[in-house]
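This report concerns only the one structure given below.
Quick note: numbers below take in every heavy atom, side chains included, and nothing from hydrogens, waters or symmetry partners. The shown structure was predicted, so the numbers you read here are calculated from the model rather than taken from an experiment.
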Amino acid sequence: VLEELPPEHRIWQAVLLAAAISPDHDLTRALDRTERGITNFHSWGDVPHLVVGTLALGTLDRQHSVSAGASGFHQPDDLNEAGRNLYATRLHQVPYQWPMLKSYNGGGHIGPTQRKFVTTWVAPLLTQAQ
């Protein structure tokens, strides 16, 4: 959706939870449509959905690969300087960490949607002063 926004219509930021998109997807257009960027929470613990499922059935961008919701995004090799700058300044990746378990996120597919996890880890990102 971010990629389809007209350049003059920007959002403050986006947060991805268990994203079923390929890790090599070029995010430059999506990143360019944000002021703060995209935060991607990812976890290797989501093997059934974001590893096996996306390898077998494909990701949302029609790639048969482990998803960025499991591995995180990778910067494409062929980016120009502007694209590399967008990745460096606007892509924020948060791998699963053991302290997340205190917020009822065990690293699986449903963990990042738990109320306490969203309250503790996601909401503070969305309420930061613009």
In terms of heavy-atom contacts, A19 and N40 come closest through CB-OD1, 4.1 Å
In terms of heavy-atom contacts, P95 and M100 come closest through O-CE, 3.6 Å
Distance-only side-chain donor-acceptor flag, [X] / [Y], under 3.5 Å:
{"X": "H25", "Y": "E3", "result": "yes"}
{"X": "N105", "Y": "S103", "result": "no"}
{"X": "D61", "Y": "T59", "result": "yes"}

Can you tell if the side chain of [X] reaches within under 4.5 Å of the side chain of [Y], non-hydrogen atoms only?
{"X": "P124", "Y": "L126", "value": "no"}
{"X": "S71", "Y": "H42", "value": "no"}
{"X": "R115", "Y": "T120", "value": "no"}
{"X": "H64", "Y": "L55", "value": "no"}
{"X": "R36", "Y": "H92", "value": "yes"}

Hydrophobic cluster membership, with links at side-chain heavy-atom distances under 4.5 Å among I/L/V/M/F/W/Y: are [X] and [Y] in one?
{"X": "W98", "Y": "V122", "result": "yes"}
{"X": "Y96", "Y": "V15", "result": "yes"}
{"X": "W121", "Y": "V118", "result": "yes"}

Validation row, ring centre F117 to ring centre F41 under 6.0 Å = yes
Please report the interatomic distance [atom1]([X]) to [atom2]([Y]), rounded to the nearest 0.5 Å.
{"X": "R62", "Y": "L57", "atom1": "CZ", "atom2": "CG", "value": "14.0 Å"}
{"X": "S43", "Y": "L17", "atom1": "OG", "atom2": "CG", "value": "11.5 Å"}
{"X": "T54", "Y": "H49", "atom1": "OG1", "atom2": "NE2", "value": "10.5 Å"}
{"X": "E4", "Y": "R29", "atom1": "CD", "atom2": "CZ", "value": "5.5 Å"}
{"X": "D26", "Y": "H74", "atom1": "CG", "atom2": "NE2", "value": "14.0 Å"}
{"X": "Q97", "Y": "K102", "atom1": "CD", "atom2": "NZ", "value": "11.5 Å"}

So does A20 get a backbone contact from the side chain of S67, meaning a donor-acceptor N/O pair under 3.5 Å? no
* **T34 backbone acceptor or donor facing R10 side chain under 3.5 Å** => yes
What verdict does the side-chain contact (heavy atoms from CB on, under 4.5 Å) test give for R84 and Q75, after you've listed the backbone C-alpha separation in whole Å, the side-chain angles of each residue and the deciding distance to 0.1 Å? CA-CA 8 Å; R84 289 191 302 274; Q75 180 176 299; 3.3 Å; yes
Apart from I21 itself, members of its ILVMFWY cluster (side-chain separation under 4.5 Å) are L2, L5, I11, L16, L27, L31, I38, F73, L79, L86, Y87, L91
Are there more than 12 heavy atoms of other residues, nucleotides or ligands under 6.0 Å from atom CD of E81? no
query = After noting the C-alpha distance and the side-chain angles of N85 and R90, does the key distance pass the side-chain contact (heavy atoms from CB on, under 4.5 Å) rule?
reply = CA-CA 8 Å; N85 185 53; R90 295 192 194 166; over 6 Å; no
